[in-house]
Amino acid sequence: MKTLPLSRAVALSLATALALAAPAAVRAEPLPTTWNLSPLFATPADWESARKALLADLPKLTALKGSLGKSAKSLRTGLDAISAANLRFERLRVYASMTQSTDNRDAANQERSNLAGQLDGEYHSAIAWLEPEIQSLGEAKVAAFLKAEPGLKKHAEHLRNSLRQARHTLSAETEGALAALGPVRSATGDVRTLLFNADTKWPELTVDGKAERLDSTKYGLLRQHPDRAVRKQVFDAFFGAIGQYENTYGVTLGNVVQDDTTMAKLRHYPSAVAMSLGAEEIPEAVYRTLVAEAHKGLPTLHRYFKLRQKMLGLPDLHYYDIYPALVTQNKAYSLDDAAALTLAATKPLGEDYQALLKTTLKAGTMHAMPAPGKSGGAYQDGVYGAPPFVFLNHQGEFESVSTFAHEWGHAMHTAIANRAQPYETAGYSLFIAEIASTANEVLLSQYMQGQAATKEEKLFQLGYALERLRGTFFRQAMFGEFELNTHDAAAKGEALNGKRMTELYCQLLKDYHGDAAGVMKIDPAYCQEWAFIPHFYRPFYVYQYATSITAALHFAEDILAAKPGARDNYLKLLASGGSVAPYQALKNAGLDMATPAPYQAVIHRMDAIMDEMEKLLAAR
Ligand SMILES: [Zn+2]
């Protein structure tokens with residue numbers, strides 16, 4: 001998943017960025033900072049011939065239609081052929097998207113990206129018959145084929161998942177009609193994107209003597225401004241601009257919720273949340289337990305806000321006081337520092353993990369530094385049979401180090417799963433995708449806390465960890481609760497307009513931030529924030545950020561405490577790739593995400609961090 005580092009709390013002047021901060025180990029060769037894509041294609045010309053070759057082979061895939069049920073052998077032949085084509089398609093797609101992200105201005109990159117987009121459409125229509133055909137075979141026949149043909153074993157999870165969806169699949173005619181209406185149904189999201197990104201006139205502000213156009217990127221930066229009056233001005237202007245379109249945002253988001261609710265009914269699901277989670281066999285109890293436990297843990301969140309008020313020296317607390325850093329740190333980390341720190345922090349994961357990380361770091365598959373035309377943010381992408389690729393925009397502050405550990409956590413997950421699984425079951429689900437990355441962040445944070453040389457440094461690290469838990473656990477759980485509330489309203493036949501969404505969101509903001517208890521004042525003007533969150537257009541998605549940090553914390557704490565079996569369980573989870581349904585895979589690793597305990601541990605961890613901070617502050 002893409003990481004978009006939103007907060008750049010610690011503004012670093014590169015001129016002062018000379019102090020090295022990594023352990024004073026003997027350094028090896030500096031890491032390569034641009035990637036070598038030859039494990040995918042040696043040259044762009046090779047990519048182009050591979051694309052043409054795959055296009056030429058697509059009719060062969062279409063010709064398999066109707067053959068899968070003939071015999072166990074023909075099922076295997078068909079699925080093997082589609083697997084092989086799928087891998088070829090993946091290589092082409094990943095290469096095109098990676099080259100594009102390193103220079104969006106390059107015409108050849110743009111053209112390749114367009115061609116990959118076309119190929120995506122053509123490839124998927126060539127195999128559109130596949131899932132319905134598997135479902136038409138039925139469970140008994142598939143079970144008999146699996147028994148008769150051992151070569152089908154690697155396809156068993158795909159077959160099981162396909163059959164599981166059969167009762168939610170409608171007649172071919174209805175599915176065809178829904179697919180044909182797809183562009184109309186998704187237009188709502190396009191309207192939102194255009195309104196937000198293209199048509200909204202973002203206000204102009206003067207901050208520190210400089211004229212600024214307050215779009216969402218600038219908002220993300222300026223909301224951290226140390227001057228409270230500036231923050232208020234920024235919030236007023238930004239949410240004022242969004243608030244003008246409350247009615248339109250209400251219609252677009254209302255449509256998404258309505259579409260989702262209707263689709264759940266049509267597809268025989270008890271609710272929209274059951275439909276979303278059912279796609280990956282996540283029990284609804286996971287979602288509801290997360291929301292319930294976050295709500296129960298609100299006193300801890302309120303404790304954090306009171307601590308924040310004290311540390312920032314404010315007479316009271318408003319919603320615009322959430323983002324400035326509690327402690328600033330003027331420390332700079334080079335890319336090699338980031339690698340050395342990640343290696344040191346992940347030592348508890350064992351020698352095998354360390355060896356694999358070292359080898360992969362040296363493989364030259366990282367594009368690390370900002371450059372003109374390069375996309376922002378960070379990601380990891382991988383193709384079976386090649387080492388994982390990591391894309392960063394290393395800037396030198398601690399957050400860049402944390403992002404380094406995060407993306408290399410994804411990369412190691414990919415490398416470990418690819419090593420252990422056949423291609424068909426190597427790809428892991430979204431529900432577990434953010435665990436390996438976040439676990440590395442937690443390990444790094446714990447390591448840095450242990451290494452802190454001064455009280456201030458320790459406070460910086462503790463404050464950073466605390467804020468990460470607020471943003472990733474509580475804030476995402478609050479978003480999750482908003483989605484439940486809007487979908488519940490729609491299921492009850494309530495008309496959802498912008499005004500109603502603002503009311504629902506306002507209540508949650510007040511609950512989560514302790515408005516009634518006098519912890520933080522929620523100004524009604526900021527209750528339009530729901531319109532700013534694009535993730536709501538992908539229903540019941542963001543809760544996974546909260547469940548991921550919960551699981552990551554669970555594994556990291558157990559591993560650091562050297563709990564018997566903890567490390568093996570965790571590494572086995574990574575190695576299982578997509579061979580086991582994700583909720584079950586976590587259960588196999590000793591973690592039941594439908595129970596309150598893991599969420600309570602997150603809240604306990606936040607309290608423990610605050611205990612430590614208060615002790616340090618008392619002695620400051
Ligand atoms: Zn990630």
Side-chain angles (χ1 to χ4, degrees), residues 1-6 161 165 168 182 185-186 188-193 196 216 249 252-264 267 269-294 377-381 406 410 427-438 471-491 496 501 504-505 508 512 529-552 578 581-583 585-586 593-594 599:
M1 197 175 299
K2 279 199 183 186
T3 314
L4 299 166
L6 289 173
N161 259 314
Q165 301 290 349
H168 303 295
R185 293 173 55 216
S186 65
T188 312
D190 301 341
V191 172
R192 192 257 169 212
T193 304
F196 190 86
S216 64
Y249 283 120
T252 55
L253 185 55
N255 257 346
V256 168
V257 173
Q258 195 57 59
D259 181 280
D260 206 35
T261 308
T262 307
M263 214 44 76
R267 296 197 179 280
Y269 285 98
S271 65
V273 62
M275 177 172 73
S276 280
L277 274 65
E280 294 198 311
E281 286 180 287
I282 314 289
E284 199 174 325
V286 169
Y287 198 100
R288 298 205 178 260
T289 308
L290 161 71
V291 168
E293 292 305 317
Y379 66 77
Q380 179 271 155
D381 215 338
H406 179 106
H410 282 307
Y428 41 85
S429 112
L430 268 179
F431 188 70
I432 56 170
E434 289 300 327
I435 294 176
S437 52
T438 318
T472 317
F473 182 75
F474 278 112
R475 184 168 164 86
Q476 308 303 325
M478 179 182 80
F479 289 162
E481 192 165 351
F482 176 69
E483 292 189 79
L484 272 186
N485 294 350
T486 47
H487 280 78
D488 280 352
L496 273 176
M501 303 241 186
L504 289 169
Y505 194 80
L508 284 172
Y512 273 73
E529 193 186 37
W530 60 270
F532 164 58
I533 313 297
H535 300 83
F536 292 148
Y537 289 74
R538 187 170 175 183
F540 304 111
Y541 174 80
V542 292
Y543 84 103
Q544 297 175 107
Y545 292 115
T547 53
S548 293
I549 200 163
T550 302
Y583 169 71
L586 287 175
M593 295 298 288
Y599 308 105

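For the single chain, residues carry numbers from 1 onward in sequence order. Quick caveat, the model's predicted, so the values are computed rather than measured.
Pairing each heavy atom of Val542 with each of Gly480, the nearest pair is CG2-N, 4.3 Å. Of all the heavy atoms in Gln476 and Gly471, the pair that sits closest is NE2-O, 3.2 Å. The minimum heavy-atom distance linking Thr472 with Ile549 is given by the pair CB-CD1, 3.8 Å. Here the closest heavy-atom approach between residue Val256 and residue Pro539 is recorded as CG1-CG, 3.9 Å. When every heavy atom of Val257 is checked against every heavy atom of Thr261, the shortest pair comes out as O-OG1, 2.6 Å. Scanning all heavy atoms of the two residues, the minimum distance from Val291 to Ala477 falls at CG2-O, 4.2 Å.
Side chains of Val191 and Asn255 form no contact here, defined as non-hydrogen atoms less than 4.5 Å apart. Between Leu504 and Trp530, the closest side-chain pair of non-hydrogen atoms is not below 4.5 Å. Residues Thr486 and Leu253 form no side-chain contact, since every pair of their non-hydrogen atoms from C-beta on lies 4.5 Å or further apart. In this structure the side chain of Ile533 never reaches within 4.5 angstrom of the side chain of Phe482, judged on heavy atoms.
Judged as a salt bridge (charged side-chain N to carboxylate O under 4.0 Å, His left out), and not counting sequence neighbours, the contacts of Arg185 are Asp259. Scanning for side-chain contact (heavy atoms from CB on, under 4.5 Å) contacts around Ala585 gives Leu573, Ser576, Val580, with sequence neighbours left out. For the ring-ring contact (aromatic ring centres under 6.0 Å, His included) test, residues two or more places apart in sequence or in another chain that qualify with Tyr512 are His295. Glu280 is linked by a salt bridge (charged side-chain N to carboxylate O under 4.0 Å, His left out) to nothing, counting only residues two or more places apart in sequence or in another chain. For the side-chain contact (heavy atoms from CB on, under 4.5 Å) test, residues two or more places apart in sequence or in another chain that qualify with Gln258 are Thr262, Ala490. Legend: residues meeting side-chain contact (heavy atoms from CB on, under 4.5 Å) with Ser186, ordered by chain and number and at least two apart, are absent. For Asp190, there are no salt bridge (charged side-chain N to carboxylate O under 4.0 Å, His left out) partners, not counting sequence neighbours. Residues forming a ring-ring contact (aromatic ring centres under 6.0 Å, His included) with Tyr537 (at least two apart in sequence, or on another chain): none. For Arg192, there are no salt bridge (charged side-chain N to carboxylate O under 4.0 Å, His left out) partners at least two apart in sequence or on another chain. For Phe540, the ring-ring contact (aromatic ring centres under 6.0 Å, His included) partners at least two apart in sequence or on another chain are Tyr287, His487.
No donor-acceptor distance shorter than 3.5 angstrom exists from the side chain of His410 to the backbone of Tyr379, with no hydrogens or angles considered. A donor-acceptor distance shorter than 3.5 angstrom exists from the side chain of Thr547 to the backbone of Gln544, with no hydrogens or angles considered. A donor-acceptor pair is defined here as one N or O able to donate and one able to accept, closer than 3.5 Å; such a pair exists between the side chain of Thr289 and the backbone of Ala594.
Rounding to the nearest 0.5 angstrom, the gap separating the CZ atom in Arg267 from the CD atom in Gln165 is 9.0 Å. Atom-to-atom distance recorded for Leu290:CG and Phe473:CZ is 5.5 Å, nearest 0.5 angstrom. A distance of 9.0 Å separates CE of Met593 from CD1 of Ile282, quoted to the nearest 0.5 Å. Rounding to the nearest 0.5 angstrom, the gap separating the OG1 atom in Thr252 from the OH atom in Tyr249 is 7.5 Å.
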Distance-only donor-acceptor pairs under 3.5 Å for side chains of residues 269-276, two or more places apart:
| unit_1 | atom_1 | unit_2 | atom_2 | d |
| --- | --- | --- | --- | --- |
| Ser271 | OG | Ala274 | N | 3.1 |

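Tested against Phe479, the residues Phe532, Tyr543, Phe474, Phe536 include a single ring pair (Phe, Tyr, Trp, His ring centres under 6.0 Å) partner, Phe536.
Pairs engaging residues 472-484 under the salt bridge (Lys or Arg N to Asp or Glu O under 4.0 Å) rule: Arg475-Glu529 [sequence neighbours left out].
With no hydrogens or angles considered, no side-chain donor-acceptor pair links His406 and Gln380 at under 3.5 Å.
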Exercise. Let me see the working for Phe431 and Leu277 under side chain to side chain contact (heavy atoms under 4.5 Å, CB included), right down to the final yes or no.
Key: CA-CA 10 Å; Phe431 188 70; Leu277 274 65; over 6 Å; no
Exercise. Applying side chain to side chain contact (heavy atoms under 4.5 Å, CB included), run through Leu484 and Arg288 and close with a yes or a no.
Key: CA-CA 9 Å; Leu484 272 186; Arg288 298 205 178 260; 3.8 Å; yes
